[in-house]
Amino acid sequence: MPPRAEACVPDRPQPDPPLALELLVHGVAGASPAELLGDPRTVRVTGDSTAAVFRRTDDADAEAHPERYAGLPVPEAYCWSRLTSGNGARALWLLLLPFMVVNLAHWARPAAPTGLAADPAPRAVRTYGVLVRILALSLTVLLIAAACEVALDLVAWQCAGSATCTGTGSRLGFLAPDGGGWWSQPGRRLALGALVPTALTGLLWFLSNRTWSAYESQPPPAGAADPDTASDPAPALGRPGFWYGRRIVARLRAAHTAAGLLTVAVAVSAPTAAHDRRTAATAPGLETVGWITQALLASGAVTVAWVVCRRGRTEDRPDHRLDRAVVSLLPGAALALLAAVLVHACLSRPDWTSAGRLPGDFAFGVIMLGQGLCVLVLAAVARYLHRRAPDPAAALRGLGGPAVAMLGCALGGVMSGGVAQRVADWMDGGATPGMAGAPLPGPPVLLSWQASVLPPLLLVLALLAAWFAARAARTRRRLAATVAAEYPGESPDVPRSRRIAGARTAAALTDSAPWFVAAVSGITLVLGAGALAGAWFTGQVPGEAARSAPPLLEAAARTAQDAGSWLIGLGIALFAAWGRRAYRDPAARRTIGILWDVGTFWPRAAHPFAPPCYAERAVPDLTWRMAGWTGRTGGRLVISGHSQGSVLAAAAVWQLPPPVRRRVALLTYGSPLARLYGRWFPAYFGPGPLAALHRDIDCWRNLWRATDPIGGPALPGPESPEVDRGPLADPLAYGRSARHPLPAPILGHADYQADPAFAAERAALLARLERAARAEVPAQRPGISKGWAASADPPGTAG
């Protein structure tokens with residue numbers, strides 16, 4: 001990037017027409033520079049080993065020889081796949097899946113009313129953001145509570161207090177209560193077990209802090225309030241601070257770290273204080289200390305909730321400030337309080353013995369009930385916003401965000417409860433945890449009820465899938481009868497027509513995904529409520545609670561409990577195997593990277609432990625590259641994005657200053673901008689923002705196919721012909737001909753460049769840019785806006 005003071009003036013006189021550049025941005029799963037550029041000899045122009053811009057070796061000095069490229073653009077490729085599928089540590093991100101899903105719920109809120117006379121409903125928008133952040137906090141507490149259940153309750157309390165686990169030769173023998181060792185007292189065993197969830201909290205903090213330094217702390221090229229508070233009618237993705245979440249992530253990371261440490265402290269303090277209250281007559285000092293620590297824990301919990309609820313994202317400008325008191329003092333105070341609780345628990349209590357379970361049923365029940373109520377309130381707020389600004393294309397009529405939040409809570413419950421179930425099953429040997437005759441009491445009853453609802457949930461989902469498949473088969477037969485007529489002069493070929501119709505039908509299933517998600521979320525909410533009620537009213541696992549019921553009902557309850565436990569075990573095993581394979585195998589890691597390509601596009605606005613947002617690096621990279629090149633050369637630029645790359649390209653164009661935008665054209669293909677992002681994230685990619693993008697960048701064309709399950713029209717409505725071209729013919733030829741002697745493939749989501757429409761539309765965009773450039777007076781030559789020049793931030797690595 002040239003110095004900013006010189007960026008407005010081209011380096012050298014320009015040819016007529018000026019030099020043109022095509023900046024290619026790949027989609028999910030990535031592509032090598034050689035694949036994107038069609039040449040094995042490539043050179044890195046700018047960037048690093050994580051994300052960079054490449055050119056063909058022959059084009060490296062294109063700016064010095066513009067006469068070579070008359071009528072043709074210089075191709076260069078931005079490769080960003082290593083942002084999501086780089087080293088083996090990315091496999092650990094699988095453990096963060098529930099956090100990623102609930103973070104998506106923040107961005108899936110309905111659009112607020114816009115316009116000069118519209119009330120933007122800032123309170124409802126702010127309430128929506130607060131509710132999602134509370135749900136995200138509950139997932140952190142749930143994860144750490146599950147770790148406490150395993151380490152403190154199952155191992156340190158139940159197993160170490162039973163001769164079943166501490167017999168001769170056992171590795172837990174030093175914890176045996178009859179051994180007389182220093183660790184034999186329950187409080188000290190709990191303090192030792194607390195090191196496991198404490199270490200897990202520290203690991204989450206470390207991962208979040210490291211990725212925060214690499215992603216959110218990268219200064220953006222420019223800087224505009226939280227969608228929670230903004231009333232500005234301008235599209236949110238065009239605000240200068242949108243891709244700079246440094247402050248909010250640091251603040252939330254401190255709060256969630258403190259919440260995890262406080263959860264461990266409560267898990268140790270609750271049974272310790274309960275014992276001290278029972279023996280207050282003999283040790284009044286211990287009871288007093290217990291009351292003081294619990295009061296401090298309550299104060300810490302209130303402080304954490306206040307920090308999470310008080311402030312959302314700031315987007316009006318790049319907010320370089322840090323809430324240092326919160327970031328430094330809150331986790332430190334929570335760690336000091338945890339240390340005091342552990343010291344208090346280690347004090348000698350010779351008469352204390354461990355029996356039964358720790359009070360996990362109540363804790364898990366409160367978390368589950370709170371999550372359910374929060375999702376219901378979130379749904380009410382979302383419906384209110386949707387009624388204020390109706391969007392017929394929005395997923396589930398505005399309830400997409402609450403449905404996604406419900407899925408995140410369900411994933412968190414299954415993953416955390418599944419680990420506890422598997423550990424308890426392993427320690428019980430051949431017995432079933434919680435059933436009569438089991439050597440150990442087992443995990444909380446609620447976790448067994450949660451496992452029992454999995455078989456009926458999967459059965460309902462299987463029926464739904466069968467219904468969708470039957471409907472798709474009918475649609476395929478109907479389409480097959482009309483396919484041949486779309487290719488004039490071709491003789492009907494039934495198998496060929498069926499294959500083409502099948503590709504179109506399969507692609508159309510994407511449009512049914514919202515209702516499938518709604519079914520999963522609704523059934524999960526109902527079955528979860530039933531599991532909570534069954535656990536609280538019976539106090540027994542389903543198999544025991546149904547012993548006096550009719551034989552059929554008893555058998556069904558026992559079968560559901562056993563099958564659910566095995567299903568969870570199988571899921572955990574597959575999950576671990578997938579993560580292990582991804583750690584060792586780059587190809588498998590790229591498959592997981594596809595999931596992150598979609599899920600981690602959005603900044604971490606709700607959960608700081610979610611996988612990092614790669615767009616906070618990629619969008620500034622593209623913005624700097626476009627602004628720097630056009631300002632330095634005065635040339636024309638087409639940013640060409642496929643699939644997820646089209647979303648990055650559109651986000652980068654939104655960030656460009658208006659003078660630069662007049663030198664840039666946008667070409668998208670296989671784009672999910674409206675079909676997926678507009679449907680699930682209407683506040684940011686709905687009809688209003690996309691129409692504003694069309695107004696801001698007049699040179700925009702979008703290609704799509706009916707056989708593409710991802711891409712679709714980018715601007716549905718009256719303005720669609722001005723932007724969209726499609727559906728393109730796929731395959732290009734129905735049967736064999738002199739021009740196509742071999743069968744043409746059904747391309748679907750791939751190889752849009754193979755369609756003649758691609759080159760035609762690219763040439764039309766460049767010609768349109770050239771006409772616009774000729775009409776401009778020299779004083780209007782674009783460059784870096786004043787907002788950029790005034791910034792003291794260094795340019796990005798790809799600038």
> Passes side chain to side chain donor-acceptor pair (under 3.5 Å), S452 versus Q561? Steps please.
Replying inline: CA-CA 4 Å; S452 300; Q561 177 180 332; 5.1 Å; no

>> Could you go through E544 and T538, starting from their C-alpha distance and side-chain angles, then the distance that decides it, and tell me whether this counts as side-chain contact (heavy atoms from CB on, under 4.5 Å)?
In response: CA-CA 9 Å; E544 286 293 319; T538 66; over 6 Å; no

> Between Q450 and Q421, is a side-chain contact (heavy atoms from CB on, under 4.5 Å) present by the stated rule, with each step listed?
Replying inline: CA-CA 10 Å; Q450 286 179 333; Q421 284 281 100; over 6 Å; no

> Would L252 and H607 satisfy side-chain contact (heavy atoms from CB on, under 4.5 Å), going step by step from the backbone distance to the final call?
Replying inline: CA-CA 7 Å; L252 289 178; H607 208 302; over 6 Å; no

> Given V647 and Y677, is the side-chain contact (heavy atoms from CB on, under 4.5 Å) satisfied, shown in steps?
Replying inline: CA-CA 9 Å; V647 183; Y677 280 81; 3.8 Å; yes

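Ring pair H642/H749: centre-to-centre distance below 6.0 Å. A centroid separation of less than 6.0 Å is found between the aromatic rings of H26 and W80. Taking the six-membered ring wherever Trp is involved, the centroid distance between the rings of Y684 and W107 falls below 6.0 Å. Aromatic ring centres of F681 and F685 lie farther apart than the 6.0 Å criterion allows.
Here A395 pairs with P514, R679, W680 under the side-chain contact (heavy atoms from CB on, under 4.5 Å) rule; sequence neighbours left out.
The backbone N or O of L446 lies less than 3.5 Å from a partner atom in the side chain of D361, making a donor-acceptor pair. In this structure, the side chain of N103 engages the main chain of A605 through a donor-acceptor pair within 3.5 Å. Looking only at distances, a side-chain donor or acceptor of S138 sits under 3.5 Å from a matching main-chain atom of L135.
Of all heavy-atom pairs spanning V102 and A606, the tightest one is O-CB, 4.4 Å. Residues A472 and T505 approach most closely at O-CG2, 3.2 Å, considering heavy atoms. Across every non-hydrogen atom of V517 and A403, the tightest pair is CG1-CB, 4.1 Å. Minimum heavy-atom separation, V308 to R133: O-NE, 2.9 Å. When all heavy atoms of L690 and A714 are compared, the closest pair comes out as CD1-O, 3.1 Å.
A cation-pi arrangement, defined by a distance under 6.0 Å to the six-membered ring centre and an angle within 45 degrees of its axis, is present between R705 and Y752.
There is no side-chain donor-acceptor pair under 3.5 Å between T475 and R504. In this model, no donor atom of one side chain and acceptor atom of the other lie less than 3.5 Å apart for T668 and S646.
Considering CG of L204 and CG of L96, their distance stands at 6.5 Å, rounded to 0.5 Å. Within the model, atoms NE2 of H256 and OG of S208 stand 9.5 Å from one another, a figure rounded to the nearest 0.5 Å. Put simply, CZ on R471 and CG on L509 are 7.5 Å apart, with the number rounded to the nearest 0.5 Å.
A salt bridge between D391 and R397 is absent, with no side-chain N of the basic residue lying under 4.0 Å from a carboxylate O of the acidic one.
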